[in-house]
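Single-structure report; data block below.
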2 protein chains.
Amino acid sequence: MLADKPRQDAYQSAILGSRDLFKDKTVLDVGTGTGILSIFCAQAGVKKVYAIEASNLARLAREVVRENGFEQVIEVFECKVEDFQLPSGADKVDIIVSEWMGFFLLHEGMLDSVIYARDKFLKPNGLMFPDTASILVAPCSVPNRFDDFDCLSGVSMKAFGRELRKQKADKPEILNVAAEHLLHEGHIMTWLDLKEVSTEDLNSFDMKEVMVIQNPGKFQGVCIWFDCTFPSVDSSPQNGVVLSTNPKCPATHWKQSVILLPEDACEEVDKLDPIAFSLSLTRNSDNCRRYNLQLTLLDVEKEEHGLPCDCVMTKCILMKAHLQKMEVE
Amino acid sequence: MLADKPRQDAYQSAILGSRDLFKDKTVLDVGTGTGILSIFCAQAGVKKVYAIEASNLARLAREVVRENGFEQVIEVFECKVEDFQLPSGADKVDIIVSEWMGFFLLHEGMLDSVIYARDKFLKPNGLMFPDTASILVAPCSVPNRFDDFDCLSGVSMKAFGRELRKQKADKPEILNVAAEHLLHEGHIMTWLDLKEVSTEDLNSFDMKEVMVIQNPGKFQGVCIWFDCTFPSVDSSPQNGVVLSTNPKCPATHWKQSVILLPEDACEEVDKLDPIAFSLSLTRNSDNCRRYNLQLTLLDVEKEEHGLPCDCVMTKCILMKAHLQKMEVE
């Protein structure tokens with residue numbers, strides 16, 4: 001995880017770039033791991049960090065705190081946040097920092113624990129680092145699961161490609177999608193205000209979309225990623241740090257999650273062609289930290305398009321012309 | 001494995017670059033996997049390939065053979081080579097091809113099976129692809145296991161580095177060493193003639209070396225890699241294809257194997273400084289496909305140096321001057 005530089009850089013910039021928010025404050029670090037986020041907070045001038053880590057990494061975090069000379073500022077607790085108590089007489093904290101994100105934001109993440117910590121330990125109007133999260137979705141090409149097997153060192157390996165895809169058919173693949181293989185810049189599936197969201201809100205998400213292709217290519221999969229934003233000193237969102245796992249941004253250890261289409265559903269799409277699908281993200285009933293993804297391709301003829309819609313279908317071209325005419329008149 | 005381009009390229013060049021050696025010949029492919037090496041042989045004009053695969057990848061290999069139109073040339077057998085029989089009346093084969101190499105050449109490889117196949121199925125004077133293999137060893141720096149933790153995003157993470165190294169202390173690390181982190185171009189630990197070597201020859205290997213540092217740096221580990229060579233049409237070794245896992249060559253899935261030194265044994269070394277160690281590679285008694293590596297650092301004062309030795313020790317400087325003087329006289 002420490003090798004994920006975009007992730008480290010985002011937290012470091014968000015925290016050290018907002019020293020005024022951290023100065024003399026108290027912070028709770030949920031799932032501190034090796035302690036690095038707590039140390040960023042200490043470097044930013046906080047009065048106190050409670051760093052909670054359920055695994056025995058807590059002992060390592062204590063050593064790291066010591067070697068950085070912050071043992072007066074950072075106190076490491078080896079426990080689950082659900083078992084944690086603030087020292088008696090201590091006020092609630094001003095800020096919660098946490099790196100809780102899983103694959104496609106929620107899968108194997110620990111947002112539930114962060115929400116628990118927020119509701120129990122954060123002052124009213126306290127800050128969350130990060131404070132928003134979005135899941136984004138776009139159609140994409142996936143040559144290294146399809147076309148690359150048409151000719152590998154001069155050998156046709158289609159059977160191997162099929163086998164590889166079959167083995168993964170029931171779960172999304174975690175891989176780096178090249179920016180040029182996105183067929184669309186992406187639509188937001190959900191946007192979470194981390195100061196408000198409840199664990200119940202996280203049980204399921206659904207989207208149904210008609211998307212108009214922006215870059216021609218082979219529609220072979222649906223690419224899912226997430227962005228998180230952090231508060232900034234002047235509280236204007238455009239100045240805040242963004243940690244993005246967009247294919248257009250430097251690769252992180254989360255990469256992207258891709259649901260591959262069945263081979264016979266893949267198709268060449270042109271700019272302005274419409275595609276339609278529904279996607280659901282649902283908590284696994286056996287393990288609430290796991291999520292199931294379900295993609296269904298829909299018929300663009302039957303689905304309702306946007307108003308106006310930029311796609312090449314006759315009804316949309318006519319409707320768009322009509323709307324433009326009304327606007328002119 | 002199919003993603004390992006240097007590996008694919010080496011076999012492809014070795015086979016397709018030696019069409020005259022393959023034309024109308026019979027080939028045994030030991031452990032064909034997805035069948036790609038058998039297809040290279042078919043492309044090179046062989047009469048027949050017996051492609052043996054113990055796992056159920058054999059079924060996939062059959063599909064790959066079919067999609068490349070070579071079902072008349074390549075016959076896939078789903079069995080261990082030890083259980084394989086040539087079709088009744090068939091001659092022994094002219095050539096054995098196999099990609100059998102494991103980490104540091106032998107660990108989790110399958111050279112024993114290839115030797116078995118050679119002794120049972122290869123004609124006298126038949127060819128082996130590859131036909132030689134060497135294990136090479138050099139001192140190296142390993143910053144991403146040591147120095148990188150001195151300051152990671154402005155945080156001292158030495159305790160984490162120590163923990164990481166401790167977890168791996170009993171086995172070599174498989175990682176890509178950057179060419180500039182080699183402190184020496186490498187000495188050969190062993191060289192194997194694959195037409196002659198026996199399984200007993202593979203039980204253990206030992207080396208004891210005084211090496212004279214060529215590039216200054218931190219001596220933090222011993223890097224182990226291997227090279228294989230292939231026969232060429234004009235049988236001059238310099239024209240043959242080499243598959244090298246040297247840090248100076250493009251990275252393969254084998255990477256390099258590195259034995260890390262204990263932190264207190266690491267030292268800054270200068271050009272011409274001598275270092276000394278012994279290294280043994282021994283078959284694991286519980287699993288003959290696994291190997292144990294044992295590194296012992298030795299005292300350069302007590303070990304015998306080369307004659308002449310280029311190192312900075314007084315006795316070597318004097319000896320070298322003496323030998324040069326004798327040569328002049």
Side-chain angles (χ1 to χ4, degrees), chain A residues 1-16 32-44 55-70 74 76 143-145 148-164 166-167 175, chain B residues 1-16 32-44 55-70 74 76 143-145 148-164 166-167 175:
Chain A
M1 284 287 251
L2 291 173
D4 184 343
K5 198 160 155 38
R7 165 187 172 271
Q8 302 287 92
D9 288 353
Y11 277 90
Q12 188 181 27
S13 310
I15 296 169
L16 293 176
T32 194
T34 57
I36 194 163
L37 301 189
S38 291
I39 289 170
F40 291 156
C41 294
Q43 289 172 337
S55 80
N56 63 11
L57 270 181
R59 295 159 211 188
L60 185 58
R62 273 189 207 112
E63 282 184 69
V64 171
V65 167
R66 211 175 302 124
E67 78 178 82
N68 287 276
F70 286 124
I74 303 168
V76 180
N144 58 4
R145 288 298 179 277
D148 287 1
F149 297 105
D150 291 354
C151 181
L152 216 123
S153 303
V155 176
S156 174
M157 280 278 170
K158 291 193 176 96
F160 183 75
R162 268 196 302 274
E163 186 62 30
L164 194 70
K166 202 169 76 184
Q167 284 178 9
L175 46 81
Chain B
M1 285 288 247
L2 290 173
D4 184 343
K5 199 162 156 33
R7 164 187 171 272
Q8 302 287 93
D9 288 353
Y11 277 91
Q12 188 180 28
S13 310
I15 296 170
L16 294 176
T32 193
T34 57
I36 194 163
L37 301 189
S38 291
I39 289 170
F40 291 157
C41 295
Q43 290 172 336
S55 80
N56 63 12
L57 270 182
R59 294 161 210 187
L60 185 58
R62 270 188 209 115
E63 282 184 69
V64 171
V65 167
R66 210 174 303 126
E67 77 178 84
N68 287 276
F70 287 124
I74 303 168
V76 180
N144 58 5
R145 288 297 179 277
D148 286 2
F149 297 104
D150 291 354
C151 182
L152 216 123
S153 302
V155 176
S156 175
M157 280 278 168
K158 291 191 176 100
F160 183 75
R162 267 196 303 275
E163 186 62 30
L164 194 70
K166 203 168 75 184
Q167 285 178 10
L175 47 81

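Numbered from 1 within each chain, the chains take letters A, B, ... in sequence-line order.
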- line: d(B:E67 CD, A:F160 CZ) to nearest 0.5 Å is 11.5 Å
- request: Working to the nearest 0.5 Å, report the span between CG of A:L60 and CG of B:L164.
  value: 9.5 Å
- request: Walk me through it: do B:M157 and A:N68 pass the test side-chain contact (heavy atoms from CB on, under 4.5 Å)?
  value: CA-CA 8 Å; B:M157 280 278 168; A:N68 287 276; over 6 Å; no
Note, [X] side chain near [Y] side chain (heavy atom, < 4.5 Å):
X	Y	answer
A:Q43	B:V155	yes
A:E163	B:L57	no
A:E63	B:K158	no

- request: Please report the shortest heavy-atom distance between A:S156 and B:V64, naming the atom on each side.
  value: O-CG1, 3.7 Å
query: B:R162 versus chain A, heavy atoms under 4.5 Å apart: side chain, backbone, both or neither?
result: side chain
task: Check whether B:I39 gets within reach of chain A through its side chain, its backbone, both or neither, counting any heavy atom under 4.5 Å.
output: side chain
- prompt: Given B:S153 and A:Y11, is the side-chain contact (heavy atoms from CB on, under 4.5 Å) satisfied, shown in steps?
  reply: CA-CA 10 Å; B:S153 302; A:Y11 277 90; over 6 Å; no
